[in-house]
Amino acid sequence: MFRSFCGIQNLDSKGGARAFHLDQRLQILTMDKSEKTDVVLLACGSFNPITNMHLRLFELARDFMNGTGKYRVIKGIISPVGDAYKKKGLIPAHHRIIMAELATKNSNWVEVDTWESLQKEWVETAKVLRHHQEKLEASHCDHQQNSPVLERSGRKRKWTEQRQNSSQKKSLEPTPKGVPKVKLLCGADLLESFGVPNLWKSEDITQIVADYGLICITRAGSDAQKFIYESDVLWKHQSNIYLVNEWITNDISSTKIRRALRRGQSIRYLVPDLVQEYIEKHNLYSSESEDRNAGIVLAPLQRNTAEAKP
Amino acid sequence: MCAATFLGWAYCRDRGRVATAAGVDVPEKMKSQIPVVLLACGSFNPITNMHLRLFEVARDHLHQTGIYQVIQGIISPVSDHYRKKDLVASHHRVAMARLALQTSDWIRVDSWESDQAQWMETVKVLRHHHQELLRSSPPMEAQNAGKTPTAPAAVPELKLLCGADILKTFHTPNLWKDAHIREIVEKFGLVCVSRAGHDPKEYILDLPILQQYQHNIYLAQEPVQNEISATYIRRALSQGQSVKYLLPDAVIAYIKHHRLYTTDSSWKDRSSQRSKGNTS
């Protein structure tokens, strides 16, 4: 059965050749010698509001990373930005958090994290990545000795059990290789925003691609590829940047959602039903809400320009 | 005065529509909105969020004209006799549509078409549903010319809802009977939803019959590009990839439970996308 990796960039020939002949289970069996790296996908953003497109990013990224045979995606984290970001039209974080929670209610692996939004000052993305990586490392150390691993659904599974299983019956899930790694999940717009002056600190960009890694869902792979090519730091760490093709053009931007709401147009089937109901019930988006933070400088621009001054 | 037609309802309806569509000042008594029912025919193999969006966008568009009040949406899955490749049994497609519409308060699925012993041309499905609407409507006397119509007692207008690509298929020789195209645009009307940036007007102007009844073809634009093709869904499912958030969760659960779309041959044969002009 032919298996598509949705435009995988660095398809190793071993995995590719096997894919033509065997089904997925056999493919993983033959890979059990090499241990997989557990991955946590972290998406930062306004989520103003969260849409089906945001949720799709997670699904596409997970299929892709799992499909490489090298990774096992164990969790997805949505981290809405704090109000101190001062983006125009950004409504209060608690609403955006609730909507994200409603949106992920029916997901057994994607969850919402409030740490970033609860900070008083705006937090750079690199710091959010670091926060979550450290959190994973801390809980990994705690769990190394026979402690149960708590999955989101509440099911517990012991590490030792898992190891026994893998040696006894050529398990479908090989022993995880150490601490899970956090990777930044994003669309091509975030990647290209690296080029906006003063929006990102260059050392942050370096840290993100060098120490963590980027999974970027793109519509037209070539623009993102060109962007990587034209940046020395991205080029250097390109093996840590995964470009995933989104074959379905799924342009459900939050901006368009807010515009539709202002015009009294339906947003059904573009956002989860619970989110649509919540928005309607609380009348969250209007011309007034769109004017929030008008004229105020975006926090990263403010901070990076201030720090640049001698 | 319109050319006489053999159905009283068409007579009144035509007059009303021509007057408003031409931008002529609408007399006060005609200002009550015309109720509309939207009918979408297609394989719905499976139903996706994009299909559901068509209804929402079309309804918004018609409401914006100020003339119409959309009171119902009907999804009519094609029968198995259509013999399209990879078409799963109609009872499944109907069940999936039903699940998808559980949370909708105005759209419903209708299995009449799929229950028929043979494939039905679209115009026949329109005729059937129009008959049903007449059957369940108040008597005609209130709609005689000259009398003030009591809103909203008018028989709803039934319009065919589709993607704008259907307009294109009207040009394909022998795909549609000319008489059927005429009946669809003359007696019923079309609401076509196209993607932002695509202008389907040329499809209308290129075909005389469509141009003649262009006042009865409503072009709605979907600003959000959302091309969730059922073909893609089937392929993704057969490869074990996620389709979450592209179709309702209840539909995905149904597909998994009944092991539908586990094999997919659509990538093998792209040549014969035989279409009667329905959404895929």
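In the text below, chain A, chain B and the rest are named by the order of the sequence lines, each starting its count at 1.
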Practice task
Nearest 0.5 Å please: distance from the OG1 atom of B/Thr103 over to the CG atom of A/Asp273.
Solution key: 4.0 Å
Handout entry: Spacing of CD belonging to A/Gln265 relative to CZ belonging to B/Arg59, to within rounding of 0.5 Å
Key = 12.0 Å
Handout entry: Over 12 non-hydrogen atoms of neighbours within 6.0 angstrom of NZ in A/Lys88
Key =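 Yes.
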Exercise for the section: Would you indicate whether B/Lys244, at its atom NZ, is surrounded by more than 12 heavy atoms from other residues, nucleotides or ligands within a distance under 6.0 Å? Expected result: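 Yes, enclosed.
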Handout entry: Criterion side chain to side chain contact (heavy atoms under 4.5 Å, CB included) against A/Tyr269, the qualifying member of B/Glu56, B/His51, B/Met50
Key =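 The single option meeting the side chain to side chain contact (heavy atoms under 4.5 Å, CB included) with A/Tyr269 is B/Glu56.
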Handout entry: Passing option when A/Asn52 is tested against B/Leu246, B/Ile228, B/Asn49 for side chain to side chain contact (heavy atoms under 4.5 Å, CB included)
Key = B/Asn49
Exercise for the section: Say whether A/Ser266 and B/Asp60, considering side chains only, have a donor N or O and an acceptor N or O under 3.5 Å apart. Expected result: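 No, because no side-chain N or O of A/Ser266 sits under 3.5 Å from a partner of the opposite role on B/Asp60.
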Practice task
Determine whether the side chains of B/Ser104 and A/Arg268 contain a donor N or O and an acceptor N or O closer than 3.5 Å.
Solution key: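 No, because no side-chain N or O of B/Ser104 sits under 3.5 Å from a partner of the opposite role on A/Arg268.
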Handout entry: Non-hydrogen atoms of B/Tyr245 and A/Ser107 that approach each other most closely
Key =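 That would be OH-CB, 3.8 Å.
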Problem - Exam field: side chain A/Asp63 to backbone B/Gln241, donor-acceptor pair closer than 3.5 Å - result: no
Problem - Chi angles and distances behind the side chain to side chain contact (heavy atoms under 4.5 Å, CB included) call for A/Leu270, B/Arg53 - result: CA-CA 8 Å; A/Leu270 299 177; B/Arg53 274 303 290 166; 3.4 Å; yes
Handout entry: Side chain / backbone / both / neither for A/Ile267 at chain B, heavy atoms under 4.5 Å
Key = backbone
